[in-house]
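A short write-up of the structure that comes next.
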Amino acid sequence: MVCNLGKSDRIFRAMFGIALFVSGILVGGTAGTVMGFVGLIPLVTAAVGNCPAYTVLKINTRNVHNE
């Protein structure tokens, strides 16, 4: 799997995923569960370094020379 996420993109995704996940826990109920699971998506893509949507759209935010 080719890494297509740059450092700043990964950091933003991780922060956004954590915010959604924590909000889901605080909200509770069905809406909280959905928010929690949706928050896992950016967390996983940040951890793996690959976004399937970026692959389909041929987007690469990774700067190969600096990372």
Side-chain angles (χ1 to χ4, degrees):
M1 184 177 342
V2 177
C3 184
N4 63 4
L5 295 177
K7 184 187 278 186
S8 59
D9 198 359
R10 290 176 83 170
I11 291 170
F12 175 77
R13 284 172 184 263
M15 290 174 24
F16 183 68
I18 290 169
L20 270 177
F21 189 76
V22 169
S23 296
I25 291 172
L26 294 176
V27 169
T30 304
T33 302
V34 171
M35 285 174 67
F37 280 118
V38 170
L40 289 177
I41 296 169
L43 279 174
V44 169
T45 58
V48 174
N50 185 304
C51 177
Y54 277 16
T55 303
V56 171
L57 297 172
K58 298 187 186 329
I59 298 172
N60 187 350
T61 61
R62 184 170 181 245
N63 186 352
V64 180
H65 300 292
N66 293 333
E67 293 183 20

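Cluster annotation: Leu57 is not connected to Phe12 through the hydrophobic network of ILVMFWY side chains, with a link wherever side-chain heavy atoms come within less than 4.5 Å. When hydrophobic clusters are built by joining Ile, Leu, Val, Met, Phe, Trp and Tyr residues whose side-chain heavy atoms come closer than 4.5 Å, directly or via intermediates, Leu26 is grouped together with Ile18. The cluster map of Ile, Leu, Val, Met, Phe, Trp and Tyr, joined by side-chain heavy atoms under 4.5 Å apart, puts Val27 and Val38 in the same cluster. Under the 4.5 Å side-chain heavy-atom criterion for ILVMFWY residues, a single connected hydrophobic cluster contains both Phe21 and Phe37. No path of Ile, Leu, Val, Met, Phe, Trp and Tyr side chains, each step under 4.5 Å between heavy atoms, connects Ile11 with Val44, placing them in separate hydrophobic clusters.
Across every non-hydrogen atom of Pro42 and Gly17, the tightest pair is CG-CA, 3.7 Å. Annotation for Ala46 and Ala14: closest pair CB-N, 3.9 Å, computed over non-hydrogen atoms. In terms of heavy-atom proximity, Arg13 sits nearest to Cys51 at NH2-SG, 3.6 Å. A pairwise comparison of heavy atoms in Arg10 and Val48 identifies NH2-C, 4.0 Å as the closest pair. The two residues Gly49 and Cys3 have their closest heavy-atom pair at O-SG, 3.1 Å.
Between the CD1 atom in Ile59 and the CG atom in Leu5 there is a gap of 10.5 Å [rounded to 0.5 Å].
The side-chain heavy atoms of Met35 and Leu20, taken from C-beta on, include a pair separated by under 4.5 Å.
Remark: Ile41 engages no residue in a side chain to side chain contact (heavy atoms under 4.5 Å, CB included) (not counting sequence neighbours).
Screening Asn60, Thr61, Thr45 for a side-chain contact (heavy atoms from CB on, under 4.5 Å) with Tyr54, the sole residue that qualifies is Thr61.
Between the Arg62 side chain and the Asn4 main chain, no donor and acceptor come within less than 3.5 Å of each other.
Pairs passing the salt bridge (Lys or Arg N to Asp or Glu O under 4.0 Å) check and including a residue from residues 14-36, sequence neighbours excluded, do not occur.
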